[in-house]
Amino acid sequence: MNFNSEKFNSDTSEILERAAKCEKISEKDGIALMNLTNSNDILNLGIAADRIRKQKVGDIVSFVLNLHINYTNTCISKCEFCAYYKDKEDKGGYVLSVNEILEMIKKAKQISNITEVHIVGALNPEISAEYYEDILKEIRKNFPDLAIKAFTATEIFFIAKKNKSSVKEILERFKDAGLNFMPGGGAEILNDEIRAKICPNKIKSDEWLNVMETAHKLNIKSNATMLYGHIESSGDRIRHILKLRDLQKKTNGFLGFIPLSFHPKGTKLDKERIVKMPVSGIEDLKVIAVSRILLNNFDNVRAYWVMMGKNLAQVALHYGANDFDGTVGKENITYSAGKISERSAGIDELKNLIKGAGRIPAIRTTDYKIIEILE
Ligand code: V47
């Protein structure tokens, strides 16, 4: 493919030519791509990323039938980007009982035959390790076929510390109780200077990566995320993505990459006027495209419609994304930060969006095996 169109910067075209040949792209090249502003360049970036997507995973766009459950919102982390958490003293703090969780799953199973439950919560010191184990055991007992994707690296690290156990011990216990996969949350931006400003009480970058490495070695596969659109620079985004690429080279344990577009409403970053608005759609598309280009050892790049919005997520399918997340059920985290229209999705809705993008919709398992192609 020739990216040498008029108005096209020859350095950029040379990077895109190399990317299209699936060559490894460096930090400097990645930053140059992330900083593109000319509309022609951005279209060409999308074409390059889309071409790589086609070579790597073809035209199927998958999603999973799933339910998100947030077992607690009471959190000692108090991240500046989060509108979901409550302090211990606040009204509205909750911890779901195991029975409430089972009821939620039962209801979701009646509505659509979900194959995955995605469980994340908060850093709540009142909760014992046995509670997490009970959730896993009871779901496994009552819904033996359901894939359990639960607890971010941040939660695992917190639970291990609180219980004076190692991360490996906690993960082994949870795996025995029924844990199959881990979600990619809590990564935020893997740069400790930025973390000190937006999530000072959370685990450090290397700790997040170490939990993931330990999980992967125990054959607990996971996703990886990146929260962008707050105070990070293009370089921070690229170095984050490259850290994931390096760990993937070591473990091959990441199933997919999910960029998370920051929603400021109601967060401290918003109240303190540090971040005034969400990033633009163009920025969202660039993040998807650059991720696809840099992450040459990841198969799946997800357009998370909950945070991007459904229509932009559809466009992202032309910028390198090949997955549409899932039906979700009832999302809470982005909803708390002002994204009020995007809490759940129907199968037909996702199917139409994917078809409308000229792709083949398919329902998948948590680890991206195709269950059904939707004609
Ligand atoms: O870790 C919190 C982010 C994450 C906001 O692995 C926010 O399959 C935007 O990780 N605006 C949780 N983002 C969500 C998550 C996830 C979602 C879907 C699928 C998977 C998966 C993982 O949401 C947090 C944080 O990075 N977040 N607040 C906000 N205001």
Side-chain angles (χ1 to χ4, degrees), residues 62-64 66-70 73 75 77-85 116-123 147-158 180-190 194-195 198-199 202-203 208 211-212 215 220-232 240 244 253-271 274-275 277-279 284 287 298 300-309 313 323-340 342-345 364-368:
S62 53
F63 62 91
V64 63
N66 66 348
L67 174 70
H68 281 208
I69 297 178
N70 303 115
N73 61 350
C75 193
S77 196
K78 305 178 203 294
C79 297
E80 307 267 321
F81 56 76
C82 182
Y84 179 63
Y85 80 85
E116 169 193 290
V117 64
H118 163 108
I119 307 175
V120 299
L123 309 187
I148 308 177
K149 174 171 57 116
F151 313 132
T152 62
T154 305
E155 285 160 286
I156 296 291
F157 188 88
F158 174 75
N180 303 116
F181 303 99
M182 280 170 64
E188 321 315 354
I189 278 283
L190 296 170
I194 303 285
R195 292 177 93 77
I198 63 166
C199 51
K202 225 173 206 168
I203 57 175
W208 188 91
V211 176
M212 283 307 187
I220 303 169
K221 300 229 170 195
S222 75
N223 290 315
T225 60
M226 172 176 78
L227 181 69
Y228 66 92
H230 40 89
I231 59 165
E232 85 291 355
H240 177 110
L244 298 177
F254 287 121
L255 294 164
F257 179 58
I258 315 165
L260 303 173
S261 187
F262 175 54
H263 289 276
K265 201 168 164 213
T267 67
K268 279 195 198 142
L269 290 175
D270 170 42
K271 287 178 193 153
I274 296 167
V275 181
M277 57 184 75
V279 293
D284 286 325
V287 171
F298 276 61
N300 303 296
V301 174
R302 195 178 299 183
Y304 187 39
W305 56 261
V306 173
M307 289 187 192
M308 293 185 89
D323 189 80
F324 234 30
D325 195 78
T327 45
V328 172
K330 195 174 169 200
E331 203 276 338
N332 286 315
I333 295 171
T334 330
Y335 179 77
S336 308
K339 197 100 178 90
I340 47 176
E342 311 279 354
R343 272 191 114 173
S344 71
R364 64 161 167 86
T365 60
T366 303
D367 51 350
Y368 292 86

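As the structure lists them, so they are numbered: ligands from 1, and atoms in each ligand from 1. The figures here come from the full heavy-atom set of this structure, side chains too, leaving out hydrogens, waters and symmetry mates.
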Could you list, one pair per line, each nitrogen or oxygen of ligand 1 together with any protein nitrogen or oxygen closer than 3.5 Å, giving atom names and the distance rounded to 0.1 Å?
residue  : atom   : partner : partner atom : Å
ligand 1 : 1 (O)  : G186    : N            : 2.8
ligand 1 : 1 (O)  : E188    : OE2          : 3.4
ligand 1 : 6 (O)  : G184    : N            : 2.7
ligand 1 : 6 (O)  : N223    : ND2          : 3.2
ligand 1 : 8 (O)  : K149    : NZ           : 2.5
ligand 1 : 8 (O)  : N223    : ND2          : 2.9
ligand 1 : 8 (O)  : R302    : NH1          : 3.2
ligand 1 : 10 (O) : G185    : N            : 3.3
ligand 1 : 11 (N) : H263    : N            : 2.9
ligand 1 : 26 (O) : E188    : OE1          : 2.4
ligand 1 : 28 (N) : F81     : O            : 3.4
ligand 1 : 30 (N) : F81     : O            : 3.0
ligand 1 : 30 (N) : H263    : O            : 2.8

Discussion item. Is the ring pair F254/W208 parallel, tilted or perpendicular, if the boundaries are 30 and 60 degrees?
Written reply: parallel
Practice prompt. Check side-chain contact (heavy atoms from CB on, under 4.5 Å) between P278 and all other residues, then give those that pass, not counting sequence neighbours.
Written response: H263, P264
Worksheet item: Who are the side-chain contact (heavy atoms from CB on, under 4.5 Å) partners of A122, not counting sequence neighbours?
Response: T72, C75
Item to complete: Could I get the full list of side-chain contact (heavy atoms from CB on, under 4.5 Å) partners for A215, not counting sequence neighbours?
Response: L171, M182, I220
Item to complete: State plainly whether the residues D270 and K265 are in salt-bridge range, i.e. N to O under 4.0 Å.
Response: no
Item to complete: Indicate the ring-plane relationship of H68 and Y304, choosing parallel, tilted or perpendicular according to the 30° and 60° boundaries.
Response: parallel
